[in-house]
Amino acid sequence: MACWLLKTEPDTFSLSDLAARPAQTEPWDGVRNYQARNFLRDGMHTGDEVFIYHSSCALPAIVGIAEVASEARPDPSQFDPLSDYYDPRSDPANPRWVLRDIHYQRHLRRPLPLAELRQHAAALTGFALLERNRLSVMPVASEHRSLILQLSEHRDARV
DNA sequence: GCCAACGTTGGC
DNA sequence: GCCAACGTTGGC
């Protein structure tokens, strides 16, 4: 089973917001980057594990785990002129952007801050979160996943 | 709020 | 198809 990381701005939609949704599930809309779209549409499979990362906030950090809960389908917001995610260039007969339902699983025992992850840069070589700031959907290698889970189990940051 | 990184657009 | 200009992301 593959593992992924999704970014979200907690002021807009946090992991706790996801946990509070009906069925703890939300259509993950608004992805408007082609590489991210390709991961979402072609790379992911239902049941895959997803780390949720909070960006553009006081403590940028991986905060919890969710699950891919649907196949990819067209993101309706691309056709809504009132939406922030409206894309007038997307053809309804051939939609440009997709989404998947994301289902809450759990919060990590503690948030795992970006700054702490950077302290493990050697072990996390190739992890797009540290190397490609703008990607909002990215794969997580199994050895990186293991380290993240291990670090998150410690009560405090340590080296 | 600043600004570096970097993806996208569009003229040629 | 190149590449400069532009816009956005996101840490700090």
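Per chain, numbering begins at 1; letters A, B, ... match sequence-line order.
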Donor-acceptor contacts under 3.5 Å from residues 53-65 of chain A side chains, at least two apart:
unit_1: A:His54; atom_1: NE2; unit_2: A:Leu15; atom_2: N; d: 3.1

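- Every residue was checked against the side-chain hydrogen bond (donor to acceptor under 3.5 Å, both in side chains) condition with A:Asp29, not counting sequence neighbours, and none meets it.
- Note on A:Arg32: nothing from the nucleic acid sits closer than 4.0 angstrom, heavy atoms only.
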Distances for protein N or O near nucleotides 8-12 of chain C N or O, under 3.5 Å:
unit_1: C:dT8; atom_1: O2; unit_2: A:Arg134; atom_2: NH1; d: 3.1
unit_1: C:dT8; atom_1: O2; unit_2: A:Arg134; atom_2: NH2; d: 3.3
unit_1: C:dG10; atom_1: OP1; unit_2: A:Lys7; atom_2: NZ; d: 2.8
unit_1: C:dG10; atom_1: OP1; unit_2: A:Asn133; atom_2: O; d: 3.3
unit_1: C:dG11; atom_1: OP1; unit_2: A:Tyr53; atom_2: OH; d: 2.6
unit_1: C:dG11; atom_1: OP2; unit_2: A:Ser56; atom_2: N; d: 2.9

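- Of the residues near DNA chain B, A:Glu131 and A:Arg89, the one whose nearest nucleotide (by heavy atom distance) lies more toward the 5' end is A:Glu131.
- Annotation: side chain to side chain donor-acceptor pair (under 3.5 Å) contacts involving residues 139-150 of chain A, sequence neighbours excluded, comprise A:Glu49-A:Arg145.
- Rounded to an integer number of Å, the gap from A:Tyr34 OH to C:dG7 C1' is 15 Å.
- Shown here are the side-chain hydrogen bond (donor to acceptor under 3.5 Å, both in side chains) partners of A:Arg32, two or more places apart in sequence or in another chain: A:Asp75, A:Ser77.
- For A:Asp17, the salt bridge (Lys or Arg N to Asp or Glu O under 4.0 Å) test picks out no residue, with sequence neighbours left out.
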